[in-house]
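Beneath this line is the structure, given in structure tokens, with notes to follow.
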Amino acid sequence: MKTIEIYDTTLRDGTQAEDFNLSVVDKIRISKKLDDLGIDYIEGGWPGSNPKDVEFFKEMKNQSLKQAQLASFGSTHNPKNSAEKDANLKALVQAQTPVITIFGKSWDVHVRDALRVSLDRNLEIVADSLSWLRPKVSRLFYDAEHFFDGFKVNPEYALATLKAALKAKPDCLVLCDTNGGTLPGKLVEIIRRVKKEIPGVALGIHAHNDCECSVANVVAAVENGITQVQGTINGFGDRCGNANLCSILPNLQLKLGIKLLTEEQLSRISEISRFVNELANIRHNKYQPYVGASAFSHKGGIHVSAVMKNPETYEHINPERVGNIQRILISDLAGRSNILSKAQRYGLDLSSKDPVVLEILSQLKELEKQGFQFEGAEGSFELLMNRALGRQKRYFQLLGFRVMAHKAAEDQPPLAEATIMVKVGGKVEHTAAVGNGPVNALDNALRKALERFYPELKEMRLEDYKVRVLSSVDGTGARVRVLIESADSESKWGTVGVSTDILEASWQALVDSISYKLYKEEQKRKQGKS
Ligand SMILES: [Zn+2]
């Protein structure tokens, strides 16, 4: 039996985060993923607060969840009303979820200044709201808002609010660090006091990240007998966020040995972390523990050779357990073992004594001196290895391009146009295209010229374009490095170009991007045949 219950509030508390917005359809898709992951409770929203949440709960009635239970969230009744006349409490019941969570005030300052009622009246409000809901729902949770801050200034009153809530026999009292200002030591001290005052009651934790301690606070709370853990995917939430379930779940399961999910479920956590960002159109944080692209990446040559011999030397867990992978980065620190392990991943068979390895190493060092960087440009790196192995095919030859930028008047937007001439298998193609900027025009013209020969380029798109000005080393003027990220329906790849001329640097990265796509398609065809 599970000893700890996981309560996800990505869809409610998470959407309080700046720039994190989800449509009703997004919320339904995320609910399904959370259900697959093995989350016990999914808080879908606050039906009393907005029509979108009402619609979500309505839609969810037609969806079946395998094991997770849906929760609706709301506040204790309005002080001017009684519980049975409160529209907000009614909306919670109308959402028809198996779980209802309501929050109430535990901090005397909030009761007096925000709610503007007497301390006793607040106790009544808490008790009445929960008592009215109790017979109408199968699981009832009480979020004690600002509990830790309230306890710090008036512990007797904070405890009195919990005791008032207990009269209605809720299934769990959730202690909230709403302002995220409590450190683990204090948090543990308060939890111990609560457990002593009201023994035998199921307690939960809801922690915000304003001191960057939310995950630590949750772990400490669990070590001190808390049985319900609240949090969000990727830690989205008000201000600095809520406690991050993508770190909490592996911490509890892999470090504390608490069985929450199956191994298979836990290995989905990286995918879900990316999925949620993808739907919210937010770039995935590569430095995120456990699930970030850098979480198991190795750059230094000595680290790499040690990790290759024994991953435990620089990895705290096996990345596969959280669905992540080990990455060996290419950089000027690249030692021989970086090249070897990269080559292996790309299916290239090299031995460390192979002169090709030395050749790639010396080319790499030379290119990095010029300002190339292959960390975000694995596509360019793979092409470089292929060239060193004499495998790189040229898919087209450039006979020339011209790019024009024309601004007709002060209040007119500039117009960019590119003409290009390329040769493919003896045939010359000459074409032109416009674009919103010179690089875009050049990209459009190049694709237009090549699509006749390589129709597969139609399904490829540029995802991101980054320019970095590199400081000048030799007084010849600054160089720019262009990083392009391209994608098709199957994968993403980065390519790089460096020059004193931004168009030339962009051109190099574009050519690599297209060549990489064509190379990939060629490999696929070969594999299909064999
Ligand atoms: Zn919160």
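Counting starts at 1 for both ligands and their atoms, following the listed order.
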Q) Taking it one step at a time, do D171 and R139 satisfy salt bridge (charged side-chain N to carboxylate O under 4.0 Å, His left out)? A) CA-CA 6 Å; D171 297 285; R139 311 276 294 164; 3.6 Å; yes
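- Salt bridge E459/K517: present, at least one basic N to carboxylate O contact under 4.0 Å.
- For the 3.5 Å distance criterion, the side chains of N242 and D13 qualify, holding a donor opposite an acceptor.
- Taking the ring centroids of W46 and F103, they lie under the 6.0 Å cut-off.
- Within the sub-2.8 Å shell of the Zn ion (ligand 1), the protein contributes these N/O/S atoms: D13 OD2, H206 NE2, H208 NE2.
- Salt-bridge check for E271 with R268: failed, with every basic side-chain N at 4.0 Å or more from each acidic carboxylate O.
- Salt bridge absent: D53 and R12 never bring a charged side-chain N and a carboxylate O closer than 4.0 Å.
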